[in-house]
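Have a look at the structure below before the remarks.
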Amino acid sequence: MGRFTRRRSIFEEKDALRDDYEPDSLEARDEELDAYTDALQPVVDGWQPNNIFLYGKTGVGKTAATEYLLSELEADCRQYDDVDLSIVHVNCNTLNSSYQIAVHLVNELRDPGRQISTTGYPEATVFDMLYDELESIGGTVLIVLDEIDNIGTDDDILYELPRARSNGYLESVKPGLIGISNNFAFRDQLSPKVKDTLCEEELHFSPYDAGELRQILRSRAELAIRDDALDQDVIPLCAAIAAQDTGSARQAITLLLRAGELAGNDDAEAIAESHVRTARNVIETERVQEGMRQLTVHGHLVLLAVTAHATRDETPVRMRDLYPLYRRYCDHLAVDPITKRSVHDHLGDLTMQSVLERHERNAGARGNYYEYALEVPMTAALDALEDVGSFDDIVADLRHRAPQS
DNA sequence: CATCCACTGGAAGATATGGCGA
DNA sequence: TCGCCATATCTTCCAGTGGATG
């Protein structure tokens with residue numbers, strides 16, 4: 001008997017559950033689509049486009065609605081000779097300045113042979129290049145800036161682009177900005193001069209409720225999953241978990257996908273509730289490990305120091321106790337230590353990523369301070385630290401020390 | 001009820017890295 | 001090669017915080 005045997009797959013068309021899948025229709029967003037359509041109307045009429053801002057948490061259909069509507073808009077514009085529409089889409093995920101966004105817009109518009117690097121030019125030069133590229137396209141250009149809240153307070157580009165025409169930098173182009181933000185508060189941190197122009201049209205996408213998520217999941221599952229491979233309670237459970245957690249369709253769908261994979265590994269006939277619950281933990285751990293992998297050397301050393309305290313049952317720790325251990329590890333690895341103040345920043349970062357938890361303590365005349373502890377399972381922290389590879393011996397030592405395991 | 005401790009958090013500046021055009 | 005430019009990371013400096021203590 002061979003090691004491998006063919007098994008009946010849970011999935012029919014797994015791609016329909018992946019992040020990049022574009023469904024033919026958008027479930028449960030009728031009102032939003034109507035409002036969005038109205039906001040885009042000037043494009044078809046040949047006017048200067050509105051600037052549009054979309055707000056709403058991740059996974060509530062902002063990007064999906066944009067892609068869906070813009071492709072329809074492109075198709076519909078083709079029947080009017082006097083409307084020449086182009087669309088540029090940039091995800092600002094890793095871009096945290098106006099400069100970076102401008103560079104990426106230029107590269108998006110230029111052909112592969114003429115790409116520019118992400119540093120080195122004066123800011124004004126990059127803007128000039130951007131205007132040149134826009135001019136050479138002509139017509140109406142919709143610029144979609146996804147996850148725009150990443151740029152924080154540096155909103156120059158949001159000020160410049162809408163005004164480029166009236167300032168004489170653009171002649172034959174009618175530019176329109178579509179900004180997509182995950183963060184509702186972003187709107188308020190924009191400088192006032194930007195807020196005026198940019199928020200001409202504001203569209204709010206609210207989180208999906210459990211009923212809407214069930215609707216979405218059913219339509220996807222119909223394509224993705226074999227007819228009899230789904231226990232009855234699975235979709236309601238995925239929907240309920242996601243609705244309570246974030247209201248995100250992406251979360252609900254990923255949950256279903258992972259549950260299906262787990263069911264497959266189990267050789268199960270169908271996805272069951274238990275697979276969903278396990279999938280939830282798997283996703284959580286993956287998220288944390290991914291976050292920890294992105295840290296710098298000192299980030300790792302700081303986490304190592306906290307983890308070491310945790311193995312000795314000495315968490316929560318305060319700075320005063322943590323810093324000396326951090327220094328010892330630096331010595332051991334012949335790394336130049338950074339100051340307390342910088343360690344403090346790393347602790348803040350780790351807290352932001354939900355890797356550490358932090359509590360304020362107050363000892364009155366003996367000062368107030370923060371205490372830190374791991375917010376993830378110790379094994380997850382050790383696994384992630386081991387992945388780094390530069391201090392295997394220390395991690396191995398900590399594993400011994402750690403309770404149970 | 002003022003004081004005071006032990007940091008915290010903001011800001012500005014230093015340093016290093018990598019890239020630009022001339 | 002040199003003088004600029006942008007960015008990431010760290011350092012230096014320092015005012016501000018807030019509840020237990022006397």
Side-chain angles (χ1 to χ4, degrees), chain A residues 90-110 112-133 145 147-161 185 188-189 191 291-306 309 314-331 333-353 355-373 388 390:
Chain A
V90 167
N91 190 313
C92 308
N93 206 348
T94 56
L95 315 176
N96 47 19
S97 65
S98 284
Y99 180 90
Q100 291 295 335
I101 291 177
V103 167
H104 278 255
L105 279 172
V106 169
N107 283 338
E108 189 74 18
L109 295 169
R110 286 191 173 183
R114 298 171 54 232
Q115 303 275 301
I116 58 174
S117 80
T118 56
T119 60
Y121 301 99
E123 182 157 341
T125 309
V126 179
F127 275 88
D128 284 345
M129 290 191 255
L130 179 55
Y131 295 141
D132 284 350
E133 292 304 320
L145 301 176
E147 301 186 44
I148 183 72
D149 43 313
N150 271 300
I151 66 167
T153 51
D154 173 16
D155 53 11
D156 286 1
I157 194 163
L158 303 180
Y159 181 74
E160 293 294 334
L161 269 176
D188 296 323
Q189 74 185 44
S191 51
M292 291 202 275
R293 262 180 219 122
Q294 286 169 12
L295 303 173
T296 63
V297 190
H298 290 293
H300 290 137
L301 287 168
V302 170
L303 178 60
L304 184 65
V306 178
H309 276 278
E314 288 170 5
T315 46
V317 229
R318 57 187 296 187
M319 254 296 199
R320 171 190 285 175
D321 304 320
L322 186 72
Y323 191 64
L325 183 58
Y326 160 80
R327 294 291 294 247
R328 283 230 301 284
Y329 284 137
C330 286
D331 265 7
L333 297 163
V335 173
D336 285 345
I338 56 177
T339 59
K340 260 190 187 174
R341 180 66 187 78
S342 303
V343 167
H344 169 59
D345 281 344
H346 282 289
L347 286 168
D349 287 350
L350 287 162
T351 307
M352 284 289 241
Q353 295 191 41
V355 173
L356 298 182
E357 61 181 356
R358 171 166 101 170
H359 293 286
E360 198 171 352
R361 293 273 171 244
N362 230 300
R366 272 168 289 116
N368 53 352
Y369 51 88
Y370 285 146
E371 285 183 339
Y372 297 89
V388 177
S390 9

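Note on naming: letters A, B, ... go to the chains in the order of the sequence lines (proteins, then strands), and numbering restarts at 1 for each one.
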What integer distance in Å separates A/Asn96:CG from C/dA6:P?
14 Å
Counting only side-chain nitrogens and oxygens, does A/Thr339 get under 4.0 Å of the OP1 or OP2 atom of C/dT11?
yes
Length of the line joining A/Asp336:CG and C/dT11:C1', which is rounded to integer Å:
13 Å
Ignoring backbone atoms, test whether A/Arg358 places a side-chain nitrogen or oxygen under 4.0 Å from the OP1 or OP2 oxygen of B/dG9.
yes
Below 4.5 Å, heavy atoms only, C-beta onward: do A/Asp156 and A/Glu123 meet side chain to side chain?
yes
Output the rounded distance in Å from CG (A/Asn368) to C1' (C/dA15).
14 Å
Less than 4.0 angstrom between a side-chain N/O of A/His346 and OP1 or OP2 of C/dT9, yes or no?
no
Side chain of A/Pro122 (C-beta onward), nearest among C/dT21, C/dC5, C/dC10:
C/dC5
Whole-Å distance between C/dA6 P and A/Glu123 CD?
7 Å
N/O donor to acceptor pairs below 3.5 angstrom from side-chain atoms of residues 344-351 of chain A, sequence neighbours left out:
unit_1   : atom_1 : unit_2   : atom_2 : d
A/Asp345 : OD1    : A/Arg341 : NH1    : 2.7
A/Asp345 : OD2    : A/Arg341 : NH1    : 3.4
A/Thr351 : OG1    : A/Leu347 : O      : 2.6

Within less than 4.0 Å of OP1 or OP2 of B/dC7, is there a side-chain N or O belonging to A/Arg318?
yes
Considering every strand and a 4.0 Å limit on heavy-atom distances, what is the contact class for A/Ser342: base, sugar-phosphate, or nothing?
base
Rounding to a whole Å, what distance do you find between A/His298:NE2 and C/dC10:P?
5 Å
Rounded to whole Å, how long is the line connecting atom NE2 of A/His344 with atom C1' of C/dT9?
16 Å
Taking the six-membered ring for Trp, are A/Tyr131 and A/Phe127 parallel (under 30°), tilted (30 to 60°) or perpendicular (over 60°)?
tilted
Taking the side chain as C-beta and beyond, is there a heavy-atom pair between A/Val90 and A/Leu95 under 4.5 Å?
yes
Determine, step by step, whether A/Leu301 and A/Leu333 satisfy the side chain to side chain contact (heavy atoms under 4.5 Å, CB included) criterion, reporting the C-alpha distance in whole Å, the side-chain angles of both residues, the deciding distance to 0.1 Å, and the verdict.
CA-CA 10 Å; A/Leu301 287 168; A/Leu333 297 163; 3.6 Å; yes
Round to a whole Å and report the spacing from CD of A/Glu360 to P of C/dT17.
12 Å
Any side-chain N or O of A/Tyr370 below 4.0 angstrom from OP1/OP2 of B/dG9?
yes
For A/Ser97, which contact category applies under a 4.0 Å heavy-atom criterion: base, sugar-phosphate, or nothing?
sugar-phosphate
Give a yes or no on this: more than 12 heavy atoms of other residues, nucleotides or ligands lie within 6.0 Å of atom CZ of A/Arg366.
no
So, is A/Arg366 near the phosphate of B/dC4, with a side-chain N or O under 4.0 Å from OP1 or OP2?
no
Would you say A/Arg320 reaches B/dC7's phosphate, i.e. side-chain N/O to OP1/OP2 under 4.0 Å?
yes
State whether the distance check finds a donor on one side and an acceptor on the other, under 3.5 Å, for side chain A/Arg361 versus base C/dG19.
no
Side-chain N or O of A/Gln100 versus OP1/OP2 of C/dT7: is the shortest distance under 4.0 Å?
yes
Students often get this wrong, so: under 4.0 angstrom with heavy atoms, is A/Thr296 touching a base, only sugar-phosphate, or nothing?
sugar-phosphate
Of A/Gly367 and A/Tyr372, the one whose closest DNA chain B nucleotide lies more 5'
A/Gly367
Taking atom P of B/dT8 as reference, at what distance in whole Å does atom CE of A/Met352 sit?
16 Å
Among the nucleotides B/dG19, B/dC20, C/dC10, whichever has the atom closest to the side chain of A/Tyr121 is B/dC20
